Amino acid sequence: HVLRFANLAPAVRDVRRVLNKPSIKESLVDRFGKDVISSVIDPWLARSSLQSVGVPASSPIEKAISWLARSANMNVMFFNVGNALQNVTGFLPAMRQVGVTAMLTSIGRYAAGPKALAEAVATRSKHMRERLLGQTFELRDAVRKQVVQPGPVKRAASWLTANTYLLQTATQNFVDVALHDAAYHQSVAKYLKEGASNEAAHRKAVNDADSLVRRSQMAGDPEDVSTFEARGPIQRALFPFKSWFVKWANNLRGQQKLDASVADHVATYVYMVMLPAVAAALIGETVNGKLAGDDDDDGWGDEALALWF
């Protein structure tokens, strides 16, 4: 509680003051409806300040369902190589938003020196530093261990919780770092061309890159959870990973609003819908050994079409 109020509560109060300004409130209501603050923004601020994904399970049934769902999710994700590799498809939607050349250039920089690039990104962006290093989880875990010394069972459970998504985290960090680097350099060039100073261009570019990573890449922090999942443990149990799909759909819709021609819409479909789906299916079937051969000896056409569609 001390850590929360010392670091998050003041920022939440500042945000509420801004949102309570009549001109801003009116603009939000006009664009998103009269319930946007009470049903979307206020719950999100509460999750951010409390660092809680939403309403906790209260009844024995809810607690049992939550435990079963969490255990099932961990079982699916624990050292899931296919799912971890599928994270790299996150580059494809990013190519629509920062450009293929910029994205490939940053991937090349990462390949040449992954640690150096990750450190550079973490140095220039506080958001990325916290996202990559997991400072919040580590700090919370350290405080808990000082207050309550866990036994061997709880230590084992804590290890599983911390390492269930180890492979997914590794590949997601790769995507996050390269994407942030590509968006940063692209924005710096744009702002310098517009006449901004080096300092102003750097500051704006970091904000742009942070925003793109938040909008396009999944994270498990309370502030990244969709409003739907935050409504209670039953929704979270019945619709696992829904926040990923909500974030993807929101990012897709945001890009569609920027598209000005049929060619733009086609490019958005190719990079943000078709290619990620096909690539994810290809990775999954390859890892699962389903692409070993032509099962019915009639050529690869039907297998290719099934994968494509």
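Everything quoted here is computed from the prediction, not taken from an experiment.
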For Lys190, is the NZ atom crowded, meaning more than 12 foreign heavy atoms sit under 6.0 Å from it? yes

Between Thr171 and Ala84, which heavy-atom pair has the shortest distance, and what is it? OG1-O, 2.8 Å

Nearest-0.5 Å distance, CG of residue Leu45 to CD1 of residue Ile37: 10.0 Å

State whether a side-chain donor-acceptor pair under 3.5 Å links Arg215 with Ser211. yes

Can you name the closest pair of heavy atoms from Val188 and Ala205 and give their distance? CG2-CB, 3.4 Å

If you group Ile, Leu, Val, Met, Phe, Trp and Tyr by side-chain heavy-atom gaps below 4.5 Å, do Phe245 and Val40 land in one group? no

Enter the distance from Glu119:CD to Arg124:CZ here, rounded to the nearest 0.5 Å. 12.0 Å

Asp259/Arg96 salt bridge by N-O under 4.0 Å criterion: yes

Lys25 to Leu19 - nearest heavy-atom pair and separation: CB-O, 3.6 Å

Quick check: is Tyr110 connected to Phe91 through a chain of hydrophobic side chains (ILVMFWY, heavy atoms under 4.5 Å apart)? yes

Is it true that a side-chain atom of Asn20 and a backbone atom of Arg16 form a donor plus acceptor pair closer than 3.5 Å? yes

Between Val206 and His180, which heavy-atom pair has the shortest distance, and what is it? O-NE2, 4.1 Å

The reported gap from CD in Gln172 to CG in Leu167 (rounded to nearest 0.5 angstrom) is 13.0 Å

Rounded at 0.5 Å granularity, tell me how far OG in Ser106 sits from CG in Leu117. 7.0 Å

Do Arg214 and Asp176 pass the salt bridge (Lys or Arg N to Asp or Glu O under 4.0 Å) test, and can you show the C-alpha distance, the side-chain angles, and the key distance before you say yes or no? CA-CA 9 Å; Arg214 287 192 188 102; Asp176 291 347; over 6 Å; no

Taking atom OH of Tyr271 as the centre, report whether more than 12 heavy atoms of other residues, nucleotides or ligands fall under 6.0 Å from it. no

ILVMFWY cluster, Trp67 and Met74 together (side-chain gap under 4.5 Å): no

Thr105 (side chain) donor-acceptor with Thr101 (main chain) under 3.5 angstrom: yes

Ignoring hydrogens and angles, state whether a donor on the side chain of Gln168 or Asn87 is under 3.5 Å from an acceptor on the partner side chain. no

Between Asp264 (side chain) and Ala260 (backbone), is there a donor-acceptor pair under 3.5 Å? yes

Can you tell me if CD on Glu194 sees more than 12 non-hydrogen neighbours from other groups inside 6.0 Å? yes

Could you report the tightest heavy-atom contact between Leu179 and Gln217, atom names first, then the distance? CD2-NE2, 3.6 Å

Can you name the nearest heavy-atom pair linking Val98 to Ala182, along with the distance? CG2-CB, 4.3 Å

Count the heavy atoms belonging to other residues, nucleotides or ligands that lie under 6.0 Å from CG of Leu104, then report whether that count exceeds 12. yes

Taken to the nearest 0.5 Å, the spacing of Asn83 CG from Gln86 CD works out to 5.5 Å

Would you say Met272 ends up clustered with Ile283 if hydrophobic residues are merged whenever their side chains have heavy atoms under 4.5 Å apart, either directly or through other cluster members? yes

Do Val18 and Val12 belong to the same hydrophobic cluster, where Ile, Leu, Val, Met, Phe, Trp and Tyr are linked whenever their side-chain heavy atoms lie under 4.5 Å apart, directly or via other members? yes

Roughly how far apart are Asp208 CG and Leu212 CG, rounded to 0.5 Å? 9.0 Å

Is it true that a side-chain atom of Ser125 and a backbone atom of Ala122 form a donor plus acceptor pair closer than 3.5 Å? no

Any side-chain donor paired with an acceptor under 3.5 Å for Ser216 and Asn251? no

Verify whether the ring centers belonging to His202 and Tyr191 lie closer than 6.0 Å. no

Donor-acceptor check, side chain of Thr268 to backbone of Gln256, threshold 3.5 angstrom: yes or no? no

For the pair Leu28 and Ile41, evaluate side-chain contact (heavy atoms from CB on, under 4.5 Å) and give the outcome as yes or no after the intermediate values. CA-CA 10 Å; Leu28 288 171; Ile41 296 178; 3.9 Å; yes

Cationic N near anionic O, under 4.0 Å, Arg47 to Asp42: no

